Amino acid sequence: MPVLVMKFGGTSVATLDRIKRAAKRVGVEVAKGYDVIVIVSAMSGKTNELVGWVNETSPMYDAREYDAIVSSGENVTAGLMALTLQEMDVPARSWQGWQVPVKTTSAHAAARIEEIPNDNIMGSFGNGMRVAVVAGFQGVSPEGRITTLGRGGSDTTAVAFAAAFDAERCDIYTDVDGIYTTDPRVCKKARKLDRIAFEEMLELASLGAKVLQTRSVELAMRYKVKLRVLSSFEEQSDEAGTLVCAEEEIMESNVVAGVAFSRDEAKMTLISVADRPGIAALIFTALSDAGVNVDMIVQNISEEGRTDMTFSCPTDQVARAEAAMAEAKTTGTINFAELIADTEVAKVSVVGIGMRSHTGVAAKMFQVMSAEGINLKVITTSEIKISVLIDRKYMELAVQALHDAFELDKAA
Ligand code: ASP
Ligand code: MG
């Protein structure tokens, strides 16, 4: 029988009533003839509560015990979901990560899945079981300890199971009804997309559209797992939600698929750095060692052997970046005049695989900004994305103007 993976996020299993609702959807797919693997998150708020308990008990906690505690929320929902399905006369059994087993690395709190042997669960399907309810977010290390995959990790569990079981599709049930052209809270005209390419979703996911864990999209792209994002609060239909898929499966799409933004960015400029081989390596090694996530980098024109180097990072990492640069200056590793931090900026990006074959997207984006009188502070591009740093107070305006100009409210 074909296998379907259905993942229910925290809000979709937040109460016993909602678990019942989710179980009914599972029942519908079982009735269609699927063997179903259900991946569950912890009830919403539960993981945060568990993390809080860990921090309160031991500020310098042992990561192995963190994982033992924080993974427990999913165990509860897995058991409750299996019981609910049994009450509906659907043969179901719960599985914790170690029972499958979901084999991971031993990087506690940030483990990566290495292998999911499918014989145990396949064997249970062969014996009349119709649903395997698997606790998401967790696995087992080579040392035999429980591991977790990082926050939001159940999405990655779901995609990994879909790949390991060659599932027909991986349905991600959440509290939004799909992927939008931009955040509807910022732009009222935002439109739900029927389909989006893996590459586009990756850009949108890492730019702050928090619907799917980025790693889950990378994994889906690698194994060509069809991912559908849909709401568990609305009526089910085969067309519901957004399908994240290979670009070959999208017939016609807009040149620009979406406008992403990230509000809390800072623009950092090192003034008058010696322009010599190895200087960028020194600066960005020091920043990386300090745990600063650098995004955009621009090296300016140099005069008399000195240049300005600009980079962007999240605002909450500015202090760390400043400390790292100050230390490098004191020890004499990096010589510069001053470090200027502009913490009132935001990043706005347009994303679309159509950019590979269409010219003029950058020109149009810049014209739109110019017409609104918005100054561009840094510009970077990739094959399918153009990003600009602008004053934060213009962020909403920029998103709305770009959404209008690229006519994202209309389907291709
Ligand atoms: N419950 C975990 C978290 O909140 C994993 C997940 O729900 O994806 O991060
Ligand atoms: Mg999530």
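Order of listing sets the numbers, starting from 1, for every ligand and every atom in it. Here the structure is a predicted model, which is why all the values come from computation and not from measurement.
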Nearest heavy atoms of L376 and I390, plus distance in Å: CD2-CG2, 3.9 Å
Closest protein heavy atom to atom 6 (C) of ligand 1, given as residue, atom name and distance to 0.1 Å: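 Here the nearest protein heavy atom works out to S154 OG, 3.1 Å.
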Minimum-distance protein heavy atom relative to atom 7 (O) of ligand 1: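 Protein heavy atom at minimum distance: S41 OG, 2.8 Å.
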Interfacing atoms of ligand 1 (cut-off 4.0 Å, heavy-atom, F137): 2 (C), 5 (C)
Carboxylate-amine/guanidinium contact K385 E199, below 4.0 Å: no
Residues R228, D171: salt bridge by 4.0 Å N-O rule: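 Salt bridge present between R228 and D171.
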Under-4.0 Å heavy-atom contact with ligand 1, by part of E74 that carries it: side chain
Within 6.0 angstrom of F233 CZ, more than 12 heavy atoms from elsewhere: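 Above 12, so yes.
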Whether G153 lies under 4.0 Å from ligand 1, heavy atom: yes
Min heavy-atom dist G136 to ligand 1 below 4.0 Å: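 The answer is no: ligand 1 sits nowhere under 4.0 Å from a heavy atom of G136.
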Donor-acceptor contact below 3.5 Å, side chain E200 vs main chain I353: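 Present.
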G150 N/O under 3.5 Å from ligand 1 N/O: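 Not met; the criterion fails.
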Option with minimal heavy-atom separation from atom 3 (C) of ligand 1, where the choices are Q138, K7, R151, Q213: R151
Set of residues satisfying salt bridge (charged side-chain N to carboxylate O under 4.0 Å, His left out) with respect to E168, sequence neighbours excluded: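 Not a single residue meets the salt bridge (charged side-chain N to carboxylate O under 4.0 Å, His left out) criterion with E168.
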